[in-house]
Amino acid sequence: MAYVKAQIPSEVYHLTKGKNLDSILSDGKIRRFNDTECWFCESLAKMRAYMEQTVLCEGKPYYAIGGQLCRYPKFIPEDYVILKLTPCRREGNWYRWNQEVPPGSPKELVQAAKEFSALKIGFRGDLAFKDAEVIDVPRFLCGEIVYRPEYAAFKNEEPSASEMKMKL
């Protein structure tokens, strides 16, 4: 794996299970769990392409954390949401993971790896965010961008200096 520093994005998109939504919004951060990074896409077009090459490929093999060979399970769109997030602190902890290919690989494979690597961006650590919009995945897969109205006004504002003093 080859990690390279990436430019700091102003907004990112994150695919997650709907059952995680309330805890994510309550915490105000995306947690990395057992990985070094938490992963995002920089646009909905990249998210769509990423999904088409990963979670939408039932049975396709992939390597999980720790190098374990797994296969993508059946994807149930109704179980997922896409979060459009505005990161709070966008320090330089952003990285791109460049897919490595064996030396002498066909040009097509090298190009496919390059294109796949450009679809995702990782943040080292847990990503705190200040704004979140929740996108309906079934409608997204049908070509529509529909925000879930019950989460339309979610803001995770950082407290002002005067509010911080009041809390002390």
[Y] reachable from [X] in the ILVMFWY side-chain graph, under 4.5 Å edges:
| X | Y | value |
| --- | --- | --- |
| W39 | L119 | no |
| L21 | V146 | no |
| Y72 | F75 | yes |
| V101 | W97 | no |

Assess the pair F116 and Y50: is the distance between their ring centroids shorter than 6.0 Å?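 Yes, ring centres under 6.0 Å apart.
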State yes or no: are the ring centers of F40 and Y13 separated by less than 6.0 Å?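 Centroid distance F40-Y13: not below 6.0 Å, so no.
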Please check: side-chain N/O of [X] versus main-chain N/O of [Y], any donor-acceptor pairing under 3.5 Å?
| X | Y | answer |
| --- | --- | --- |
| R48 | L141 | yes |
| H14 | I82 | no |
| S117 | Q99 | yes |

Where do K120 and E37 land on the salt bridge (charged side-chain N to carboxylate O under 4.0 Å, His left out) test, with the steps shown first? CA-CA 11 Å; K120 59 198 182 321; E37 297 85 16; over 6 Å; no
Report yes if the side chains of [X] and [Y] come closer than 4.5 Å at any heavy-atom pair, otherwise no.
| X | Y | result |
| --- | --- | --- |
| C70 | Y62 | yes |
| W94 | P9 | yes |
| M51 | V137 | yes |
| Y147 | E133 | yes |
| R31 | D27 | yes |

Should N93 and L127 be marked as a side-chain contact (heavy atoms from CB on, under 4.5 Å) after you check the CA-CA gap, both sets of side-chain angles, and the distance that decides it? CA-CA 10 Å; N93 289 335; L127 179 72; over 6 Å; no
Hey, mind stepping through F140 and L44 against side-chain contact (heavy atoms from CB on, under 4.5 Å) and telling me if it holds? CA-CA 9 Å; F140 173 70; L44 286 173; 3.9 Å; yes
Distance check, rounded to the nearest 0.5 Å: C41 atom SG versus K84 atom NZ?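 Interatomic distance, C41 SG to K84 NZ, rounded to 0.5 Å: 14.5 Å.
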Shortest non-hydrogen contact between [X] and [Y], atoms and distance:
| X | Y | value |
| --- | --- | --- |
| K130 | C88 | N-SG, 3.5 Å |
| A118 | E42 | O-OE1, 4.4 Å |
| P87 | S10 | CD-O, 3.4 Å |
| C38 | G125 | SG-O, 3.2 Å |

Should we count [atom1] of [X] as having more than 12 external heavy atoms under 6.0 Å?
| X | atom1 | result |
| --- | --- | --- |
| K60 | NZ | yes |
| K5 | NZ | yes |
| Q7 | CD | no |
| E144 | CD | yes |

So, using side chain to side chain donor-acceptor pair (under 3.5 Å) as the criterion, who are the partners of [X] when residues are at least two apart?
| X | result |
| --- | --- |
| Q53 | none |
| R32 | none |
| Q111 | E115 |

Step by step, work out the salt bridge (charged side-chain N to carboxylate O under 4.0 Å, His left out) result for R148 and D136. CA-CA 6 Å; R148 291 200 175 166; D136 184 81; 3.7 Å; yes
Below 4.0 angstrom, N of the basic side chain to O of the carboxylate: do K29 and D126 qualify?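 So K29 does not pair with D126 through a salt bridge.
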Option passing side-chain contact (heavy atoms from CB on, under 4.5 Å) with I24 (candidates V134, L85, L83):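 The single option meeting the side-chain contact (heavy atoms from CB on, under 4.5 Å) with I24 is L83.
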Could you tell me if R124 sits above the aromatic ring of Y3, with its cationic atom closer than 6.0 Å to the ring centre and no more than 45 degrees from the axis?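 Here R124 passes the 6.0 Å and 45° test against Y3.
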I'd like to know whether Y80 forms a side-chain contact (heavy atoms from CB on, under 4.5 Å) with T16, so could you lay out the CA-CA distance, the side-chain angles of the two residues, the decisive distance to 0.1 Å, and finally the verdict. CA-CA 6 Å; Y80 289 83; T16 189; 5.9 Å; no
